[in-house]
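First the structure, in the form of structure tokens, and then the observations on it.
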Amino acid sequence: MAQALATRSIHSSLASLSSGSLHSRVEKIRTSDLASKTSARKPRKSHKLFRVTATRSASEVVPVSPEDVQKTEEEQMQLLRGIMQPGDTPASMWSKPTVRRKTKIVCTIGPSTNTREMIWKLAEEGMNVARLNMSHGDHSSHQKVIDLVKEYNAQSKDNVIAIMLDTKGPEVRSGDLPQPIALESGQEFTFTIRRGVGTADCVSVNYDDFVNDVEVGDMLLVDGGMMSFVAMVARGDLGAELPIEEVPLLQEEIIRICRSMGKAVIVATNMLESMIVHPTPTRAEVSDIAIAVREGADAVMLSGETAHGKFPLKAVKVMHTVALRTEATLVGGETPSNLGQAFKNHMSEMFAFHATMMSNTLGTSIVVFTRTGFMAILQSHYRPSGTIFAFTNEKRIQQRLALYQGVCPIYMEFSDDAEGTFANALALLQCSLCWHCKY
Ligand SMILES: Nc1ncnc2c1ncn2[C@@H]1O[C@H](COP(=O)(O)OP(=O)(O)OP(=O)(O)O)[C@@H](O)[C@H]1O
Ligand SMILES: CC(=O)C(=O)O
């Protein structure tokens, strides 16, 4: 199995709402092997010699201050409505793909936000993933949030929120393996509570209740990166365990490695820390979000800002507008060089690669049909410049896809006839409701 990535142990999982279960699905990420060298620089005194200002045409600018956002989003909707005139051809319909934010927003839910009203408002402001930190609160409060998100998803026609459980405390660990294992998609693999087992198709886990806690249909996130779904640049722990000046370098490195492995990556901690108590961000915080977006993170995360902060909705608005504005400056097409090596399915790789090329060249969006989510996730890792409209006939998959960069997941029944499915998808895209799904 590929070298494990980065940070300290984190246990995070994307839970399927349909399971409604709080059983942990474990991802373990290690710190080793990511040391980068740098020299710490002394902060330089700033001299205010002259002021440089830049102007842009109004239509290009996505302002950062929360107060400005309402107007701007309305302007964006007008732009979308302009694009979506009745009778538009599909080609024109798929143009201007960058008005939809591609980098996803993870919000930690806590006392400031664990009500029905706040979950709804967070979702409307742009939350894509609700994170529950299992180190805080209790199971019943987390269950309540899960139920609320479930309710939101059930009644929302055009938006879906994923749930991430960040499980800490006692770790469930797999036993040692004599050598790395490369698992194939669809391959059977056994976890046993017998100790000391480590073969190509069976490994022990150190937790005896594993067999009782895991249910049929549960998703297990496992040590080592390739089998896991999500990595997190947990800058809180990184900064505590390593010299602080290493953190930005590690962040860049972790994102790069994750992207080359085709693995989703979230940048977490202190992104808008000052907004826990202040209604506006610092310039440095805004730059921090922009950097994570440019580096190609799938998602940026809010912790205390939304869990116990005074301005959770404003924090999401700022994240949304900064990400959107930054994305508008990015030119598509920088695909990690060894991305294809992460997967064995050459045909899928070829489709993803060429769809990306077309999207980047023609400035169009991409439509993907996916039952398992695989193709949409693969497509996302290529980071095409256009939005990936991912149609799936599985609500759980739709929900899971909410995390991935550039993916707009849409639930739709598939018909037996491929042409019919395609026509239905186009009809759905043409339906103006769909365009309200701007996150
Ligand atoms: N479910 C919750 N109930 C009560 N407080 C919470 C909850 N979730 C988060 N918080 C509060 O928000 C703060 C920030 O959340 P965060 O998830 O970053 O936790 P943390 O303990 O600071 O860091 P870590 O992510 O390393 O566990 C927490 O320290 C806690 O005070
Ligand atoms: C998110 C987290 O756990 C950290 O930054 O350490």
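Indexing begins at 1, ligand by ligand and atom by atom, following the structure's order. Side chains included, hydrogens not; waters and symmetry mates left out as well; all remaining heavy atoms used.
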**Asked** Which atoms of ligand 2 sit under 4.0 Å from any heavy atom of Gly236?
**Response** 4 (C), 5 (O), 6 (O)
**Message:** Please list, in number order, the atoms of ligand 1 under 4.0 Å from a heavy atom of Gly304.
**Reply:** 14 (C)
**Request:** For residues Tyr152 and Glu124, determine if any side-chain heavy atom of one lies less than 4.5 Å from a side-chain heavy atom of the other.
**Result:** yes
**Side chains of Val267 and Ile254 in contact at under 4.5 Å (non-hydrogen atoms)** = no
**Test: Glu151 and Arg116 ion pair at under 4.0 Å** = yes
**Asked** Which of the atoms in ligand 1, numbered in the order shown and given with their element, are less than 4.0 Å from a heavy-atom of Thr108?
**Response** 17 (O)
**Prompt:** Under 3.5 Å between some N or O of ligand 1 and some N or O of His136?
**Reply:** yes
**Request:** Considering the heavy atoms of Arg235, write down every atom of ligand 2 situated less than 4.0 Å from one of them.
**Result:** 5 (O)
**Request:** Decide yes or no for Asn133 and His136: does some side-chain heavy atom of the first lie under 4.5 Å from some side-chain heavy atom of the second?
**Result:** yes
**Asked** Is there a nitrogen or oxygen of Ser135 sitting under 3.5 Å from a nitrogen or oxygen of ligand 1?
**Response** no
**Asked** His142 heavy atoms, cut-off 4.0 Å: which ligand 1 atoms fall inside?
**Response** 1 (N)
**Asked** Taking the six-membered ring for Trp, are Phe391 and Phe389 ring centroids under 6.0 Å apart?
**Response** no
**Gly236 to ligand 1, any heavy atom closer than 4.0 Å** = no
**Message:** Suppose I only count heavy atoms of Asn133 and a 4.0 Å limit; which atoms of ligand 1 are within that range?
**Reply:** 16 (P), 17 (O), 19 (O), 24 (P), 25 (O), 27 (O)
**Request:** Run the numbers for me: atoms of ligand 1, each under 4.0 Å from some heavy atom of Pro111, listed by number.
**Result:** 3 (N), 4 (C), 5 (N), 6 (C)
**Prompt:** Would a 4.5 Å heavy-atom cut-off, applied to side chains only, mark Lys263 and Ser228 as touching?
**Reply:** yes
**Prompt:** Do any heavy atoms of Ile109 fall under 4.0 Å from ligand 1?
**Reply:** yes
**Prompt:** Are any of the N or O atoms of Thr269 closer than 3.5 Å to those of ligand 2?
**Reply:** yes
**Fill in**
One finds that the ligand 1 atoms under 4.0 Å from a non-hydrogen atom of Gly137 are 1 (N), 2 (C), 3 (N)
**Message:** Taking 4.0 angstrom as the limit and counting only heavy atoms of Ser303, give me the atoms of ligand 1 inside it, by number and element.
**Reply:** 18 (O)
**Within-cut-off N or O pair, Arg131 and ligand 1, under 3.5 Å** = yes
**Message:** Return the CG to NZ distance between Leu148 and Lys144, rounded to the nearest 0.5 Å.
**Reply:** 6.0 Å
**Request:** Enumerate the atoms of ligand 2 whose separation from the nearest heavy atom of Met232 is less than 4.0 angstrom.
**Result:** 1 (C)
**Prompt:** Atom CD1 in Ile377, atom CZ in Arg400: separation rounded to 0.5 Å?
**Reply:** 4.0 Å
**Asked** Just how far is it from atom CG of Leu165 to atom CD1 of Ile146, taken to the nearest 0.5 Å?
**Response** 5.0 Å
**Prompt:** Do the charged groups of Arg195 and Asp208 touch, with an N to O distance under 4.0 Å?
**Reply:** yes
